[in-house]
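Each remark here refers to the structure printed beneath this line.
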Amino acid sequence: MDDKKIISGIKNKKEPYLSEFINKYGGVLKASIVKTIGNRDDLVIEILNDTLLAIWDNIDYFDENRSSFKNWCAGVAKYKAIDAIRKENRHESIDLDKVKNNISIEEDFSIDESGEILSLLNPEDRDIFKKLFIEGYSYDDLSNITEIPKDRLYNKVSRSKKKLKLQLGGKYD
């Protein structure tokens with residue numbers, strides 16, 4: 001079956017054409033994904049499914065004057081793979097048991113020392129640190145309370161940690 005029939009069939013939301021598309025271009029899609037993220041079978045299948053859905057839903061955006069159908073599909077697969085990697089990196093968690101020199105307030109320094117350390121920060125950053133690391137608020141909760149976007153909170157905390165590290169000479173690294 002030629003590309004024009006497949007494109008027309010997908011535009012008309014006819015599933016047999018999707019099956020034909022998968023038979024013809026499934027290998028191209030998978031190769032594009034694997035080239036982008038490596039051979040991670042669990043993630044490849046998920047991205048492949050996302051890619052098929054994106055092509056099914058967005059077939060009207062294909063423009064034969066800009067690229068071939070095969071290249072457009074490979075591009076969709078590539079960008080879905082990039083999005084999946086970004087999402088995975090954003091949600092990557094840290095196992096605190098594996099982190100060396102993890103600070104524990106009870107063991108490493110007293111509350112008096114923590115107050116002394118936090119006094120090195122400006123009042124707003126000090127308040128953010130207290131709420132996050134002493135009172136146990138989550139970034140989401142703190143974002144709602146302070147009306148500071150979560151990404152800005154992450155940046156403020158990161159900068160404050162660097163500032164403390166420099167001023168303390170790496171003592172609480």
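Residues satisfying the side chain to side chain contact (heavy atoms under 4.5 Å, CB included) criterion with Arg159, sequence neighbours excluded, are Asn155. With sequence neighbours left out, the side chain to side chain contact (heavy atoms under 4.5 Å, CB included) criterion links Lys4 to Asp2, Glu64. In this structure, the side chain to side chain contact (heavy atoms under 4.5 Å, CB included) partners of Ser68, at least two apart in sequence or on a different chain, are Lys70, Asn71. In this view, Arg40 and Glu88 satisfy the salt bridge (charged side-chain N to carboxylate O under 4.0 Å, His left out) rule, not counting sequence neighbours. For Asp125, the salt bridge (charged side-chain N to carboxylate O under 4.0 Å, His left out) partners are Lys156, not counting sequence neighbours. Qualifying salt bridge (charged side-chain N to carboxylate O under 4.0 Å, His left out) partners for Lys5, counting only residues two or more places apart in sequence or in other chains: none. Partners of Tyr154 by ring pair (Phe, Tyr, Trp, His ring centres under 6.0 Å), not counting sequence neighbours, listed by chain and number: Tyr139. Under the rule for a side chain to side chain contact (heavy atoms under 4.5 Å, CB included), the partners of Asp127 that lie at least two apart in sequence or sit in another chain are Lys131.
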Exercise for review: Take Leu121 and Lys163, measure what side chain to side chain contact (heavy atoms under 4.5 Å, CB included) needs, and give me the verdict at the end.
Suggested key: CA-CA 8 Å; Leu121 300 174; Lys163 180 179 179 180; 4.2 Å; yes
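There is no path of hydrophobic side-chain contacts, each under 4.5 Å, that joins Ile33 to Ile82. Cluster annotation: Ile22 is connected to Ile7 through the hydrophobic network of ILVMFWY side chains, with a link wherever side-chain heavy atoms come within less than 4.5 Å.
Sequence neighbours left out, the pairs with a member in residues 9-32 that pass side-chain hydrogen bond (donor to acceptor under 3.5 Å, both in side chains) are Asp3-Lys24, Asp3-Tyr25. Among pairs with a residue in residues 49-61, none fulfils salt bridge (Lys or Arg N to Asp or Glu O under 4.0 Å), at least two apart in sequence or across chains. The salt bridge (Lys or Arg N to Asp or Glu O under 4.0 Å) analysis of residues 139-153, with sequence neighbours excluded, yields the pairs Asp140-Lys150.
With a 4.5 Å cut-off on side-chain heavy atoms, Cys73 and Val28 do not count as touching. Between Ile148 and Ser143, the closest side-chain pair of non-hydrogen atoms is not below 4.5 Å.
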